[in-house]
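Below is one structure, written out as structure tokens; the observations come after it.
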Amino acid sequence: MNKVPHPQPALPTILHADLDAFYASVEQLLDPSLRGKPIAVGGGVVLACSYEAKKFGVSSGMGGWKAQQLCPTIQFVGGHFKEYQRLGDEVMKVLEDFTPLVQRISIDEAFLDVSGAVHLFGPPGEIAARIRTRVREEIGLPISVGAARTKHLAKIASQVAKPDGLVVVDPRYETEFLEPLPVGLMWGIGPVTQAKLAEKGITTIGQLAESSGESLTAWLGKALGGKVRALAANDDQRKVRPTGRAGSVGAQSAFGRRVLDRDFARQTLGHLADRVGRRLRAKQRAGRTVTVRIRFAGEPGTGAGRAITRSHTGRPVAGTLTLTEIAESLVWGAIAQQPGPPEAVMVSLLAISVSNLVDQASLQLELPLGDDGEVTDVAAARWALEHAMDAVRDKFGKAAVGYSSTALSRHSVPDEFRELAEREL
DNA sequence: TCTGGGGTCCTAGGACCC
DNA sequence: TCTGGGGTCCTAGGACCC
């Protein structure tokens, strides 16, 4: 690795701000009796947990019963989902007081480029400290911040800073900072890649940086090899870009292992199409590509089920019924390709995603078209029906009228929680 | 009894056009 | 007789992130 100090000492002007154990911290903020205690948001599945619970090995996504086993004193609390959204937004407003260059990555995390703010607020480290103080004092939440020359480094720095800390990476000593850290801290290195690297005896970023590009390509494939190489070589050129709109909208539903019959498929896909369609219509958008995903339930004991996708690209769609029909035909087409009779195919998840999004500014365009490109009576009736239903639900709530929702399995997660993960369309 | 949902990005291969 | 190269769009799969 190159140990020569950076020739022109740049400032660590990229910040990564990340709220600590966000949902759990909000619960502890709202109910002081929960502070300092191991808690988890959720029930059947741990959606989030406090640092006190993490000490016991509890982590998000874990089954509730397992969390209980690891940490017998853990307290499960229901989620105040509206508060998560509100407080997350408030934190972002604090960040925007320092610079308009804020790229929100999720409800609780954002990058900032403060290069234009140093004259007003002082050096990046000072800005980061002020952010932490303000979020703590004005909102009441702990937040960790990393400051560095690049996004990648800033992100790693904030992870190292957790919980409730601040790490500034001096541009002259980036290599020394990175070398001893585990490869898993790098953006883009997940469990699969980590395991592959571990097989080769590579566990730290320093070891990764010493590996040749050819080796990495051979081990990880061209795409990942190149990317990993660039990151390990500390060559991250990405800019902080104010958050853009989503490029796709989707919904998925996991259920137990079961045979996919016509009724169940229609109900489930109808429900998913409705979730997706409503979001599209609310923002006057539509998508040209409809993709379904099917996860097959492997025989018990044979490990995780294989998942496949099938897609169709055509005219922009946003209508629930049209989406449902396209999805159904894609699903049955894929099922037919599976070995064995369709009645024997077991599935565990269905998903619909719509991409290639376009704006549908005018009513004219939003009207669904018949096969010949003309607006048909049926299509017009559907359009009218769906917009009427959207209006009723906006006024009286989701449950007022709608497509029957799939019988909720114990796996499913509250709708409010799903909505937190939705990106702005 | 290894789990839930919304996204992004990347690649390879094939079709089609010029 | 075929021989090329480049670009774009589409499909499918995979890994990853929060």
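The sequence lines fix the lettering, A, B, ..., with proteins before strands; numbering per chain opens at 1.
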Please check the phosphate of [N] (OP1 and OP2 only) for any side-chain N or O of [X] closer than 4.0 Å.
X	N	answer
A:Thr309	C:dG13	yes
A:Arg275	B:dG6	yes
A:Arg288	C:dC10	yes
A:Arg310	C:dG13	yes
A:Thr313	C:dC9	no
A:Arg423	B:dT8	yes
A:Ser248	B:dG7	no
A:Ser253	B:dG4	no
A:Thr193	C:dC16	yes

Just how far, in rounded Å, is P of C:dC17 from CG of A:Leu420?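 Nearest whole value for this atom pair: 21 Å.
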
So among A:Lys155, A:Lys162, A:Lys151, which one has a salt bridge (Lys or Arg N to Asp or Glu O under 4.0 Å) with A:Glu109?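 Only one of A:Lys155, A:Lys162, A:Lys151 forms a salt bridge (Lys or Arg N to Asp or Glu O under 4.0 Å) with A:Glu109, namely A:Lys155.
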
If each of A:Gly247 and A:Phe417 is mapped to the nucleotide of DNA chain B with the nearest heavy atom, which maps nearer the 5' terminus, i.e. the 5' end?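 Checking each residue's closest nucleotide, the 5'-ward one belongs to A:Phe417.
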
Look at all strands and tell whether A:Lys155 reaches a base, only sugar-phosphate, or nothing, counting heavy atoms closer than 4.0 Å.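 Sugar-phosphate, no base atom in range.
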
Out of [options], which nucleotide sits closest to the side chain of [X]?
X	options	value
A:Trp65	C:dT11, B:dC2, B:dG7	B:dC2
A:Ala254	B:dG4, C:dC18, C:dC10	B:dG4
A:Val249	B:dG7, B:dT1, C:dC17	B:dG7
A:Trp187	B:dG5, C:dC18, C:dG13	C:dC18
A:Arg295	B:dC2, C:dC16, B:dG4	B:dG4

Look through every strand shown and name the nucleotide pairing with C:dT11 as Watson-Crick or G-U wobble, where both distances are under 3.5 Å. B:dA12

Does the structure show a Watson-Crick or G-U wobble partner for B:dC18, both distances under 3.5 Å? Name it, or say none. C:dG5

DNA chain C: A:Ala307 or A:Ser106, which has the more 5' nearest nucleotide? A:Ala307

5'-most contact on DNA chain C (nearest-nucleotide basis), A:Asn356 vs A:Ala421, goes to A:Asn356

If we count only N and O atoms by modelled type, under 3.5 Å, do the side chains of [X] and [Y] hold a donor and an acceptor together?
X	Y	result
A:Arg423	A:Thr243	no
A:Tyr23	A:Glu83	no
A:Arg295	A:Gln252	no

Which value, in whole Å, describes the distance between the P atoms of nucleotides C:dC18 and B:dC2?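 Result for the P pair: 24 Å, nearest Å.
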
Is there a salt bridge (Lys or Arg N to Asp or Glu O under 4.0 Å) between A:Arg245 and A:Asp359? Walk through the geometry before answering. CA-CA 12 Å; A:Arg245 304 161 88 184; A:Asp359 283 311; 3.3 Å; yes

Taking only Lys NZ, Arg NE, NH1 and NH2, and the carboxylate oxygens of Asp or Glu, determine whether A:Glu424 and A:Lys283 approach each other closer than 4.0 Å.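 Salt bridge flag = yes for A:Lys283 with A:Glu424.
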
